[in-house]
2 protein chains.
Amino acid sequence: MSHKLDHIDRRILNALQRDASRSQRDLADEVGLSQNALWRRLKALEAAGVVQGYTARVAPEAVGASLAVFVMLRTRRHSADWLRQFRAHVEAIPQVIGFYRISGDYDYLLKIAAGDMASYDSVYQRLIQMEGLETVTSYFAMESIFDGRPLPL
Amino acid sequence: MSHKLDHIDRRILNALQRDASRSQRDLADEVGLSQNALWRRLKALEAAGVVQGYTARVAPEAVGASLAVFVMLRTRRHSADWLRQFRAHVEAIPQVIGFYRISGDYDYLLKIAAGDMASYDSVYQRLIQMEGLETVTSYFAMESIFDGRPLPL
DNA sequence: CCTGAAATCTTACGTAA
DNA sequence: TTACGTAAGATTTCAGG
């Protein structure tokens with residue numbers, strides 16, 4: 001799991017996090033490798049799970065997901081069984097695009113992608129059908145200044 | 001501007017959000033188009049800004065960014081000038097990978113990618129060098145259950 | 001470094017809704 | 001008109017030898 005990364009690997013990952021549509025030749029030139037050497041490194045990084053995949057970034061407004069909402073919640077129940085059910089419940093809601101267990105005043109943080117208030121409300125209603133929730137607080141994004149920045153290397 | 005999406009466009013976007021490494025021929029077969037027709041749609045979606053780009057997904061633990069922290073903060077100042085400075089200040093910190101202006105008890109939500117507590121603390125120290133912050137609350141991710149799910153279509 | 005295979009890009013034209 | 005299909009060819013990129 002601990003695939004040692006050198007500075008060339010980091011440059012490769014940095015570039016690919018920003019734009020994965022470039023050709024291997026371009027990228028190879030930039031990092032000072034032959035196309036073939038780059039190809040071997042890429043395969044190794046993919047095989048090691050460092051690169052988990054390639055995805056298209058879609059404009060939320062273009063697909064009717066302009067409203068981002070962050071939900072913080074505290075639970076009353078803490079049994080293993082309840083937790084498993086709760087996670088399954090949350091995972092089954094496709095508008096939940098991020099799901100973190102956190103420390104502090106709350107137990108979980110969810111990021112929701114909704115179309116508008118009405119569509120968010122239906123997500124909310126579905127969410128709180130789970131019994132055992134103590135507090136559910138919604139923070140609405142007024143503006144997404146940026147998101148999904150590349151991980152710093 | 002608002003590029004009307006039909007059912008096939010949605011299927012294309014759905015597939016590409018999950019895996020953008022597939023060949024056009026594969027994708028074309030799946031959605032029931034010729035490779036050529038798919039290519040034309042893709043170019044149109046890219047030109048319209050619906051597809052904003054293609055990125056590699058990198059495993060955070062593999063690049064020493066295992067600690068995710070969510071920072072919520074409230075500000076004391078609200079002048080246009082101060083806001084501009086504040087945003088520039090935040091944007092200049094590469095470990096801040098998400099930045100939202102929100103409603104409610106707090107004004108901003110930040111997502112931080114750090115290596116460990118010590119490296120988070122240096123981000124925190126840098127963050128609070130900005131004068132005019134009233135409250136800065138950190139929520140540490142104990143577990144990332146999932147994140148970066150495709151936008152629901 | 002070299003190369004065969006594959007994928008992408010481009011043009012052109014005929015067809016269907 | 002607008003989008004699709006087929007087809008063919010040029011070019012680029014991939015995946016190795």
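Note on naming: letters A, B, ... go to the chains in the order of the sequence lines (proteins, then strands), and numbering restarts at 1 for each one. Given the structure is predicted, the values throughout are model-derived calculations rather than measurements.
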request  = Assert yes or no for the condition that the ring centre distance of A:F70 to A:F140 is strictly below 6.0 Å.
outcome  = no

inquiry  = What is the distance, to the nearest angstrom, from the CD atom on A:E46 to the P atom on D:dC14?
reply    = 11 Å

task = Report which part of the nucleic acid B:R40 touches: base, sugar-phosphate, or nothing (heavy-atom distance under 4.0 Å, all strands).
result = base

ask   = Looking only at side chains, do A:D81 and A:S79 share a donor and an acceptor under 3.5 Å apart?
value = no

request  = Quick one: do B:Y100 and A:Y139 satisfy ring-ring contact (aromatic ring centres under 6.0 Å, His included)? Show the steps, please.
outcome  = CA-CA 10 Å; B:Y100 281 89; A:Y139 293 94; over 10 Å; no

request  = Check the distance between C:dT10's C1' and B:L42's CG and give it to me in whole angstrom.
outcome  = 15 Å

remark   = B:K43 NZ to C:dT11 P, in whole Å, measures 13 Å

inquiry  = Does the structure place the NZ or CZ of A:R149 under 6.0 Å from the centre of the six-membered ring of A:F146, at an angle of no more than 45° from the ring's axis?
reply    = yes

task = Kindly state which residues belonging to residues 16-38 of chain A come within less than 4.0 angstrom of DNA chain D, counting heavy atoms of the residue only, listed by number.
result = A:S23, A:Q24, A:Q35, A:N36

inquiry  = Less than 4.0 angstrom between a side-chain N/O of B:W39 and OP1 or OP2 of C:dT8, yes or no?
reply    = no

task = Assign the ring pair B:Y120 / B:Y124 to parallel, tilted or perpendicular, where the plane angle (0 to 90°) is split at 30° and 60°.
result = tilted

key: Pairs meeting criterion salt bridge (charged side-chain N to carboxylate O under 4.0 Å, His left out) with involvement of residues 94-111 of chain A, two or more places apart   = A:R101-B:E143, A:K111-A:D147

